[in-house]
Asks: 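Before anything else, here's the structure in question.
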Amino acid sequence: MGALEEAYLAAAACACEEEESDDLGLLAGDAAAAGDAIEPAVRALLLGLGEDDCREGLRRTPKRVAKAFRDGTRGYRQKVKDIVQGALFPEVGVDKRTGSAGGTGGQVVVRDIELFSYCESCLLPFSIQCHVGYVPSGGRVVGLSKLSRVSDVFAKRLQNPQRLANEVCGALHASIQPAGVAVALQCWHIPLPENLECKTLQGWIRTSHSSRSGVFEGESSTFWSDFLALLKLRGIDMEAEDDSVSIPWCPLRSHEVPLSNGLCKKRSTNGMVSAVTSMLLSLGEDPLRKELLGTPQRYVQWLMKFRACNLLDVKLNGFTLSNVSLYDRTGGGTADHGAIRSELHLPFCAQCEHHLLPFYGVVHIGYFDNGSREGIDRSHFQALVHFYGCKLQVQERMTRQIAEAVYSVSHNGAMVVVEANHICMISRGIEKIRSNTATIAVLGQFLTDPCAKACFLQNVLDTAGSAI
């Protein structure tokens, strides 16, 4: 038995003995049992990443990850008929011909439904903007919120975009029996960390997909043309995005992996792959389903990009990445604002240690040139950001660590601002789609000179538009 397999079994035993109270609202019955199976698997993944699963920041991570996966796949436990039943209302309209004015035949389109789903190829969440239209029949219309709720049922499963569109379309057609249904999706998948180049979804892999039934079918369908026209009123041009379906959807799909889940060529990750396979089983999925073959390996490959570095004292392009006394030198006197140097909009992608979900964005670095050396190249700062970003992290700590490393070189003053989108904020729980988090760390002369701080922040503001 390998070390990771032993760690997996040990973690399972530890999970059974854990006494701390659960304030995360774990569900009873089958859901709780599934969570119990996922938690030891997450502990095995943490150990495989070289982390200490007992340290404060990670102690409750298995529970959080289990809850997030259960919530993100709750669609397996929901039925469309339970949502639609009782939500069909009589609306006779003025004419019973299909497509006429009134509730009987007029097309209904709900646009901009924000959804998140888990990619079945790599288990990472992806963002969805969903648009659903239907043509009522039989003198009945459905409550508008049900279109969103039915879409969410299928989004809350392991998915790929085209199947998601087909399943939503088919389920709505079968449950409300309209004259036809049209579904259009715009989807964004996070790229590999090394390919993430900006702080918005513009840096993500984007594809568009559609599915249609009944009167929307056929190239000459006027209903489909009307549907597309109504989307254009919101600035959504599905016709211009038709070419996106040829773009490889999941970036990890290009990585070669063995097609037998749990049997990885790299012995060092065997236990991690087995752990992910057990997670799929706990979620009610079949790891041998064709679309899931290789998924555990790809998820492990993603996590290994954030493997812990255990070096105690690392020198990186002139920065000393170790514990040094930084707060004794606060600087004094009047700062020379002409000596302020800055490197702005440095992209990063990190992994939230609380939920094992990515957070990404940009780092802005300001420092005082001490005149004792040539200016530091931007690539050095990018390497510094990468060093602290590509690991299990929290944004507050990463901000402080980068500031301390810069101050170890500048000595006079350092200031760091990090702007990030957290997948854990928008794909689970409260699902705050537009939320963005900013953190700041200030050392040295930036602490004592408000004008210097304001000067740096203004520089960030002045260049904000050019970085997006």
Side-chain angles (χ1 to χ4, degrees), residues 8 11-12 15 18 22-49 51 53 58-78 115-128 152-160 163-164 189-190 250 252 261-262 271-289 291-292 294-304 306 351-359 392 422-431:
Y8 176 76
E18 185 172 4
D22 184 5
D23 58 2
L24 296 176
L26 292 178
L27 301 176
D30 294 339
D36 290 340
I38 295 175
E39 289 172 30
V42 176
R43 294 185 191 279
L45 293 176
L46 293 175
L47 293 173
L49 291 172
E51 291 284 355
D53 64 314
L58 295 176
R59 191 164 54 90
R60 298 186 63 77
T61 293
K63 288 184 180 295
R64 296 187 185 99
V65 173
K67 185 176 185 296
F69 268 113
R70 282 201 311 275
D71 183 62
T73 57
R74 65 176 182 265
Y76 290 123
R77 303 181 292 277
Q78 295 176 313
L115 302 171
F116 262 81
S117 186
Y118 279 93
C119 172
E120 66 183 3
S121 295
C122 65
L123 298 186
L124 293 175
F126 64 93
S127 173
I128 307 158
D152 188 64
V153 165
F154 292 98
K156 291 300 185 287
R157 302 180 182 186
L158 303 185
Q159 280 288 10
N160 70 61
R163 187 172 73 249
L164 174 59
H189 193 301
I190 192 168
C250 177
L252 286 166
N261 286 343
M272 297 176 72
V273 171
S274 297
V276 179
T277 301
S278 73
M279 291 168 61
L280 293 176
L281 288 168
S282 296
L283 295 172
E285 265 290 2
D286 177 10
L288 297 181
R289 176 162 68 86
E291 294 83 1
L292 291 178
T295 294
Q297 290 90 338
R298 294 186 193 99
Y299 185 58
V300 170
Q301 286 176 347
W302 170 270
L303 290 179
M304 291 298 287
F306 304 92
Q351 192 85 345
C352 171
E353 67 178 33
H354 295 158
H355 300 96
L356 296 189
L357 289 170
F359 66 96
L392 300 190
H422 289 250
I423 301 299
C424 62
M425 283 281 288
I426 57 182
S427 67
R428 51 167 292 282
I430 57 175
E431 297 187 357

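One-based numbering along the sequence shown. These numbers come from a predicted model, not from an experiment.
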Asks: Report yes if some heavy atom in the side chain of F359 is under 4.5 Å from a heavy atom in the side chain of M425; otherwise report no.
Replies: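 F359 vs M425: side chains apart.
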Asks: Closer than 4.0 angstrom, basic N to acidic O: yes or no for R74 and D152?
Replies: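 So R74 pairs with D152 through a salt bridge.
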Asks: On a heavy-atom basis, which atom in P62 and which in R43 lie closest, and how many Å separate them?
Replies: CG-CG, 3.6 Å
Asks: Which atom names give the shortest non-hydrogen contact between P125 and Y118, and what distance separates them?
Replies: CG-CE2, 3.9 Å
Asks: How close do C122 and H189 get, counting heavy atoms only, and between which atoms?
Replies: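 That would be SG-NE2, 3.4 Å.
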Asks: To the closest 0.5 Å, what do you measure between CZ (R60) and CG (D53)?
Replies: 13.5 Å
Asks: Should L292 and L158 be marked as a side chain to side chain contact (heavy atoms under 4.5 Å, CB included) after you check the CA-CA gap, both sets of side-chain angles, and the distance that decides it?
Replies: CA-CA 9 Å; L292 291 178; L158 303 185; 4.0 Å; yes
Asks: Taking atom CD of E51 and atom OG1 of T61, what is their separation to the nearest 0.5 Å?
Replies: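 One gets 9.0 Å once the value is rounded to the nearest 0.5 Å.
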Asks: Between A155 and L164, which heavy-atom pair has the shortest distance, and what is it?
Replies: N-CD1, 3.6 Å
Asks: How long is the straight-line distance from SG of C250 back to CZ of F126, given to the nearest 0.5 Å?
Replies: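 SG of C250 is found 10.0 Å from CZ of F126.
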Asks: Walk me through whether W302 and L124 qualify under side chain to side chain contact (heavy atoms under 4.5 Å, CB included).
Replies: CA-CA 9 Å; W302 170 270; L124 293 175; 3.5 Å; yes
Asks: From Q297 CD over to M304 CE, what is the distance, rounded to the nearest 0.5 angstrom?
Replies: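 Separation between the atoms: 13.5 Å.
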Asks: L392 versus L356: any side-chain heavy-atom pair under 4.5 Å?
Replies: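 Sidechains of L356 and L392: in contact.
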Asks: Would you mind reporting whether C352 and I423 have side-chain heavy atoms less than 4.5 Å apart?
Replies: no
Asks: Does the side chain of F116 reach to within under 4.5 Å of the side chain of I128, using non-hydrogen atoms?
Replies: no
Asks: Please name the residue in the list H355, E39, E353 that meets the side chain to side chain contact (heavy atoms under 4.5 Å, CB included) test with R64.
Replies: H355
Asks: Distance-only, no hydrogens or angles: does the R157 side chain make a donor-acceptor pair with backbone N or O of G75 under 3.5 Å?
Replies: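 Confirmed, R157 side chain pairs with G75 backbone.
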Asks: Show your reasoning for whether side chain to side chain contact (heavy atoms under 4.5 Å, CB included) applies to F154 and R163.
Replies: CA-CA 9 Å; F154 292 98; R163 187 172 73 249; over 6 Å; no
Asks: Do any N or O atoms from the side chain of S278 and from the backbone of I38 form a donor-acceptor pair under 3.5 angstrom?
Replies: no
Asks: Check whether any side-chain heavy atom of Q159 lies under 4.5 Å from a side-chain heavy atom of C119, and answer yes or no.
Replies: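 SC-SC contact between Q159 and C119 ruled out.
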Asks: Counting C-beta onward and ignoring hydrogens, is there a side-chain heavy-atom pair between L45 and M279 closer than 4.5 Å?
Replies: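 Touching, per the 4.5 Å side-chain cut-off.
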Asks: Quick one: pull up CD in E291 and OG in S121 and give me the separation to the nearest 0.5 Å.
Replies: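 If we round to the nearest 0.5 Å, E291:CD and S121:OG are 8.5 Å apart.
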Asks: Does some side-chain heavy atom of R289 sit less than 4.5 Å from a side-chain heavy atom of E120?
Replies: yes
Asks: Side chains of Y299 and L252, heavy atoms from C-beta outward: is any pair under 4.5 Å?
Replies: no
